[in-house]
Amino acid sequence: MPDAPPALPPAFLDALRAALGPRGLLTDPADIAPHLSDWRGLYRGRSPCVLRPSGTAELAEAVRLCAAAGVALVPQGGNTSMVGGATPDEGGAQLVLSLARMNRIRDLDPVDMTMTAEAGVVLKAAQEAAAEAGCLFPLSLGAEGTATIGGVLSTNAGGNTTVRYGNARELMLGLEVVLPDGRVWNGLRRLRKDNTGYALRHLFVGAEGTLGVIAAAVLRLFPRPRETEVAFCAVADEDAALALFRRFRDRDEGAVRAFEYMSGTGVEFALRHIEGCTLPLAARAGHYALVDLASSRPDAGLRALLEAVLEEALAAGEVLDAAIAESEAQRSALWRIREEHPEAQRREGASVKNDVSVPVSKVPEMIRRCSDTLRALIPGSRPVPFGHIGDGNIHMNLQQPEGMDPVAFLARSHDIMEAVNAVVRDLGGSFSAEHGVGRLKTDMMEGWRGGAELDLMRRIKAAVDPAGLMNPGKVLP
Ligand code: FAD
Ligand code: MLT
Ligand code: ZN
């Protein structure tokens, strides 16, 4: 158990309590504890309290009080960050700012096709609200039952449907932001076209809480799908997975809602650890692809498209076997094998994540080269590449060798990430495709983004947050 953090001046605590009300300030260590560590268990910070505003006015007042007192804030949504972005440091002086109570959907307009949601709305709740109105909010990721709108925008999350609808950034039209000095910027415009100077809203998307606090957002909605088809395919190898993606894309790009790659190892872990997960095919394979087609047209003919493309791919030797879902329950069961990969990896033991991207054409080479390099680096280690192949974003994760001490394995994290990054750099890729930089990857910024790019980022940070009180120690080295 870490030591108690240094106490805050009583007058400052009183002012926070007065601004936020009794439910808006947590000071009991038992209540604070869940906010101090991250989903992966990489960090355990300290903080004397958690601020929980219930609306923008309370949020702004809390930020203003902290700015006046020179106290740093760590915004936190669902706390599902994969890079320790929402965890305070060990010093004990940073306060956690939880947006969980700001969870109202303020407006939903099926003509404008927009939803105005507060930062703490859970992603799944946003999806459900859209569905109730006969629309679709398409952002979808494994953590959607916990991750929040503020979190997905602050990390510019990707997930399973980026291939069709883009990252979180593309799904946002306007923002309400509390600036580091406590002022509120109301940019909740729901316009499709608005060329009036710098697009400030895009500064805060992907800023991981280092420039201000997202209080609410106008999100784009889409027509709800009326036809969907999902198939789980065993494929010959990584090239075959990509070839299958291209077949679907070439035939009807608009129909591909998601296209995911999985290795035999990752599927094996899901079958082993996740209750109710079963292989829908007769035999195990080394590689799999999950195809998800969707159309808002009721007569889109997606089943015929799916069967025709799978037949061609079977004849070409790319697909070895395939299962097509016949019901909503089967669609979820097939998706579960993919979505439970992070949890299955967690249960299998220690793993190191490499959320990398390369040009789509380079994905098969990247997977093969990284896998070979990693096996040579740590004999017995098990590469678990999976993810969003249609976006060129593969989770090039590495599982510890069976029987190895997890602590000893994790001590090699830096070497593992460096080995993957060397291949990714050679192929013109990025060291963080969708999870962000957070605390985990700040030391990579100089090498990858150094020079004019990082200089510009630092100038922006200094201009917007001159006192450096917004999520210090994250993103910028
Ligand atoms: P948090 O973890 O609470 O915070 C993330 C960052 O945003 C932090 O830097 C925090 O300070 C900042 N922040 C949070 N709220 C605000 C706000 N209102 N204003 C300003 N800053 C804020 N990510 C993907 O992109 N694609 C995936 O497919 C994916 N799959 C996942 C699967 C699992 C099982 C898990 C656990 C995570 C996955 N993630 C994925 C990572 C994670 O879910 C995303 O990064 C998500 O966007 C984080 O949302 P959150 O609300 O939990 O944010
Ligand atoms: C996912 O797509 O499931 C996550 O982003 C990947 C991971 O946990 O490494
Ligand atoms: Zn992912």
Side-chain angles (χ1 to χ4, degrees), residues 140-142 144-145 159-161 163-164 225 227-249 251-252 255-295 300-348 367 382-390 394-395 397 399:
S140 169
L141 40 98
E144 64 197 22
N160 304 326
T161 56
V163 70
R164 166 93 159 263
E227 255 191 41
T228 51
E229 294 289 347
V230 175
F232 188 94
C233 314
V235 292
D237 54 19
E238 301 89 348
D239 291 297
L242 184 57
L244 183 62
F245 169 67
R246 290 183 59 199
R247 281 184 192 278
F248 281 107
R249 192 182 58 183
R251 190 68 80 86
D252 187 351
V256 182
R257 177 165 61 177
F259 192 98
E260 297 280 309
Y261 167 81
M262 287 157 281
S263 70
T265 312
V267 169
E268 205 56 46
F269 291 168
L271 301 179
R272 185 179 304 164
H273 295 293
I274 306 298
E275 207 183 322
C277 263
T278 51
L279 189 71
L281 308 171
R284 302 275 209 265
H287 309 267
Y288 300 92
L290 186 75
V291 188
D292 187 314
L293 307 178
S295 172
L302 294 183
R303 175 57 71 100
L305 169 72
L306 181 64
E307 287 177 349
V309 173
L310 288 179
E311 239 168 67
E312 284 170 19
L314 271 161
E318 292 157 9
V319 167
L320 309 175
D321 192 8
I324 299 178
E326 297 296 346
S327 63
E328 192 49 48
Q330 286 184 6
R331 280 194 278 278
S332 319
L334 297 185
W335 259 109
R336 222 169 143 235
I337 302 171
R338 158 63 186 91
E339 293 252 277
E340 293 287 359
H341 265 53
E343 183 59 29
Q345 272 209 279
R346 194 154 78 149
R347 294 191 195 173
E348 179 69 18
I367 295 177
R382 295 162 292 168
V384 190
F386 67 93
H388 323 294
I389 185 171
I394 294 292
H395 301 296
N397 297 352
Q399 199 77 30

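Counting from 1, the numbers follow the sequence of the chain as shown. None of these values were measured; they are calculated from a predicted model.
When all heavy atoms of Ala322 and Leu281 are compared, the closest pair comes out as C-CD2, 3.6 Å. When all heavy atoms of Ile337 and Thr278 are compared, the pair lying nearest together is CD1-O, 3.5 Å. Looking at every heavy atom in both residues, Val163 comes nearest to Ala258 through CG1-CA, 3.8 Å. Residues Leu302 and Ala255 come closest through the heavy atom pair CD2-CB, 4.0 Å. Minimum interatomic distance between Leu271 and Cys277 (heavy atoms only, all atoms of both residues): CD2-O, 3.8 Å. Minimum heavy-atom separation, Arg251 to Leu305: CG-CD1, 3.0 Å.
Judged purely by distance below 3.5 Å, without hydrogens or angles, the side chains of Asn160 and Trp335 never pair a donor atom with an acceptor atom. Judged purely by distance below 3.5 Å, without hydrogens or angles, the side chains of His388 and Glu260 pair a donor atom with an acceptor atom.
Between His341 and His395, the distance separating the two ring centers is not shorter than 6.0 angstrom. Two rings, from Tyr288 and Phe232, have their centers less than 6.0 Å apart.
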Apply side-chain contact (heavy atoms from CB on, under 4.5 Å) to residues Val384 and Met262 and explain how you reach the verdict. CA-CA 8 Å; Val384 190; Met262 287 157 281; over 6 Å; no
Criterion side-chain contact (heavy atoms from CB on, under 4.5 Å) on Val291 and Phe245, from CA distance to verdict: CA-CA 8 Å; Val291 188; Phe245 169 67; over 6 Å; no
Could you go through Glu348 and Arg382, starting from their C-alpha distance and side-chain angles, then the distance that decides it, and tell me whether this counts as salt bridge (Lys or Arg N to Asp or Glu O under 4.0 Å)? CA-CA 11 Å; Glu348 179 69 18; Arg382 295 162 292 168; 2.7 Å; yes
Salt bridge (Lys or Arg N to Asp or Glu O under 4.0 Å) between Arg246 and Glu318, worked out: CA-CA 12 Å; Arg246 290 183 59 199; Glu318 292 157 9; over 6 Å; no
Using side-chain contact (heavy atoms from CB on, under 4.5 Å), reason through Val267 and Arg338 one step at a time and then give a plain yes or no. CA-CA 7 Å; Val267 169; Arg338 158 63 186 91; over 6 Å; no
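Using a 4.0 Å cut-off between charged nitrogen and carboxylate oxygen, Glu339 and Arg336 do not count as a salt-bridge pair.
Note that CG of Leu290 is 8.0 Å distant from SG of Cys233, once rounded to the nearest 0.5 Å. Going from atom CD of Glu328 over to atom OG1 of Thr228 covers 6.0 Å, rounded to the nearest 0.5 Å. The line from CD1 of Ile394 to CD1 of Ile367 is 4.0 Å long, rounded to the nearest 0.5 Å. Atom CG of Leu293 is separated from atom CZ of Arg257 by 9.0 Å, given to the nearest 0.5 angstrom. Atom CZ of Arg347 is separated from atom CD of Glu340 by 7.0 Å, given to the nearest 0.5 angstrom. Atom-to-atom distance recorded for His287:NE2 and Glu238:CD is 4.5 Å, nearest 0.5 angstrom.
Contact of the Pro383 side chain with the Asn397 side chain is not registered, since no non-hydrogen atoms from C-beta on lie closer than 4.5 Å. Side chains of Tyr261 and Pro385 form a contact here, defined as non-hydrogen atoms less than 4.5 Å apart. By the 4.5 Å heavy-atom criterion applied to side chains, Leu244 and Val309 are counted as neighbours.
At distances below 3.5 Å, at least one donor-acceptor pair connects side-chain atoms of Glu227 with backbone N or O atoms of Gly301. Not a single donor-acceptor pair under 3.5 Å links the side chain of Glu144 to the backbone N or O of Ser140. Within the 3.5 Å criterion, the main-chain N or O of Gly266 finds a donor-acceptor partner in the side chain of Ser263. With hydrogens and angles ignored, the 3.5 Å screen pairs a side-chain donor or acceptor of Gln399 with a backbone N or O of Gln345.
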